[in-house]
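Below is one structure, written out as structure tokens, with a few remarks after it.
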Amino acid sequence: MSRVHMRDLFDADPGRFERFSLECGPLFLDYSKNRIDGTTLRLLTELAESVNLADWMTRMRSGDKINLSENRAVLHTALRNRSDEPVYVDGEDVMPGVREVLQRMRRFTDRVRGGEWLGYTGKRITTVVNIGIGGSDLGPMLVARALKPFGAAGIDTHFVSNVDGGHLSDVVAGLDAETTLFVVTSKSFTTPETLLNAESARDWLVAKLGHADAVARHFVAVSTNTPAVKAFGIDPDHMFGFWDWVGGRYSLWSAVGLTVAIQIGMDHFEALLDGAYEMDCHFFSQPFERNIPVILALLGIWYNTCFGAHTHAVIPYNQSLSRLPAHLQQLDMESNGKRVTRDGFTLDFDTGPVIWGEVGVNCQHAFFQLLHQGTRLVPADFVLAVKSNYPLGNHQDILVANCLAQTQALMRGKSEAEARAELEAQGLTGEALEQLLPHKVFPGNQPSNTILLDRLTPRSVGGLIAMYEHKVFVQGVIWGLNSFDQWGVEYGKQLAKRITPQLTDYSSLDTHDASTRGLIERYRRHRGG
Ligand code: G6Q
């Protein structure tokens with residue numbers, strides 16, 4: 001296939017679009033613009049069979065502890081299990097607990113939205129600030145932005161994650177403490193960045209409202225760690241729990257979605273779960289060759305491992321999905337950015353790609369040059385919705401036309417003969433034409449998937465995110481990885497703990513390398529204060 005051009009594949013097979021497209025509820029996948037034919041697909045699905053993918057899928061869904069290095073089950077699918085089927089972990093059905101938290105979320109969100117839950121001075125809550133980082137930030141923020149039109153009038157949401165004081169300061173600068181609710185979201189409730197932001201937010205609130213008692217009306221927590229929540233000063237009655245079998249980057253379906261639920265209401269939040277459940281049912285029931293997450297995973301492996309592509313671009317043609325690349329970056333790179341198998345063997349081939357991207361059409365005016373005429377193979381996902389939630393003149397038609405034009409140009413390219421004919425039609429001849437000609441040629445053959453949603457709704461957004469979760473899982477299984485641990489993020493944290501006191505205590509820096517020592521010394525000299 002390395003010598004085959006997709007242009008020729010399309011010319012040879014008029015049924016290619018029908019053959020290489022799939023549907024699940026409000027989501028449609030066109031994967032015909034890939035360097036594949038029927039044989040490629042058959043061989044790739046055989047690869048999936050050869051690693052017992054079906055067994056791994058069953059093991060995940062049924063609560064087996066497939067996160068071996070942390071000895072944990074992986075059950076984000078239980079959070080959106082909308083059936084009556086029980087799901088067991090260590091012999092105990094987790095579903096009653098899941099439903100109980102959803103009911104508590106409903107009672108609480110109804111009270112906040114209905115103006116029954118009031119701030120310390122008796123005013124309604126109009127602003128919700130989620131304080132969390134990583135999995136306790138990216139997923140909920142993506143959904144909150146994607147589904148803003150489904151939000152209640154009069155409730156704004158904000159997300160504070162970075163320990164850079166500029167983040168919290170910037171957000172609270174425009175807020176009224178009397179009408180602001182902080183949701184401190186941390187699975188562990190030990191994440192230093194989140195705790196520091198929460199403490200600073202508490203100081204801000206107490207200073208504004210004049211009494212520490214105000215905290216009880218303006219702070220709630222989402223966590224698995226009740227003692228730490230209590231120690232922070234939040235009443236466990238105002239805490240929403242979840243479980244160790246929910247990984248951070250897979251947690252937006254749990255109480256971690258509380259800020260989203262306050263914004264869009266529990267009916268819409270449950271529709272988000274329904275959408276994800278619809279994708280789960282598709283994933284767990286469809287044969288590999290008709291299975292959207294499996295196909296996406298196999299295509300990724302095809303380019304990554306077989307063609308040596310190093311990156312995968314995610315390009316949403318939808319402003320409301322502006323955080324999709326960031327969420328998928330964490331989901332994919334934290335899950336499959338690994339070089340050791342679950343049994344501890346070091347791999348000798350490439351695994352998870354660098355995920356990156358930006359909203360279209362903006363990126364057309366930025367990095368698309370490299371995709372069209374650069375030297376690298378860059379597989380890409382284009383995500384767009386048929387209907388806009390913000391109908392405005394003919395904006396949507398122009399947006400969609402641009403998206404389709406880009407995927408077409410990337411696939412077809414422009415041959416030398418076509419470029420020559422265009423230049424001649426513009427009146428160019430001789431040396432002037434020959435000089436310009438190579439710059440006007442587009443090699444094409446850049447693969448892309450187009451993921452078309454009917455509209456951004458809770459259901460379609462739920463399905464979209466679940467689709468990517470399963471894609472990442474399938475790739476991890478095929479590469480032999482444990483996609484659900486994240487030891488790689490620990491080392492930097494460990495060193496930061498050591499460096500933090502050294503910035504101010506003037507202790508010896510002898511154990512550091514010269515670069516780190518030099519930078520600490522410079523910081524000490526210039527930090528002032
Ligand atoms: C996600 C990661 C990580 C985690 C954050 C926040 O899968 O584990 O991004 O979500 O470090 O952790 P806490 O929720 O415990 O604060």
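Whatever order the structure lists ligands and atoms in, that order sets their numbers, starting from 1.
Distances between N or O atoms of Gly135 and those of ligand 1 include at least one value under 3.5 Å. Every N/O-N/O distance between Thr194 and ligand 1 stays at or above 3.5 Å.
Of all protein heavy atoms, the one closest to atom 2 (C) of ligand 1 is Glu334 OE1, 3.0 Å. Among protein heavy atoms, the minimum distance from atom 15 (O) of ligand 1 is reached at Ser188 OG, 2.6 Å. Ranking the protein heavy atoms by distance from atom 12 (O) of ligand 1 puts Thr191 OG1, 3.5 Å first.
Residues meeting the salt bridge (Lys or Arg N to Asp or Glu O under 4.0 Å) test with Asp110, sequence neighbours left out: none.
Residues Ser83 and Asn81 bring a donor and an acceptor atom of their side chains to less than 3.5 Å of each other. Judged purely by distance below 3.5 Å, without hydrogens or angles, the side chains of Arg124 and Thr179 never pair a donor atom with an acceptor atom.
Nearest to atom 7 (O) of ligand 1 by heavy-atom distance, out of Lys493, Lys187, Arg249, is Arg249.
Below 4.0 Å from some heavy atom of Gln330 lie the following atoms of ligand 1, by number and element: 1 (C), 2 (C), 3 (C), 9 (O). Atoms of ligand 1 lying under 4.0 Å from at least one heavy atom of Gln486, given by number and element, are 7 (O), 8 (O). Each of the following atoms of ligand 1 lies closer than 4.0 Å to a heavy atom of Ile133: 5 (C), 6 (C), 10 (O). Near Gly248, meaning under 4.0 Å from any of its heavy atoms, are these atoms of ligand 1: 1 (C), 7 (O), 10 (O). Counting the atoms of ligand 1 from 1 in the order shown, those under 4.0 Å from a heavy atom of Ser186 are 13 (P), 14 (O), 15 (O), 16 (O).
For Arg498, the CZ atom is densely surrounded, since the number of other residues' heavy atoms within 6.0 Å is greater than 12.
Aromatic ring centres of Trp356 and Phe367: separated by under 6.0 Å. Ring centroids of Phe284 and His470 are separated by less than 6.0 Å, placing the two rings close together.
Taking the ring axis of Phe240 as reference, the NZ or CZ atom of Arg104 stays within 45° of it and closer than 6.0 Å to the ring centre. Under a cutoff of 6.0 Å and an axis angle of 45°, Arg72 and Trp245 do not form a cation-pi pair.
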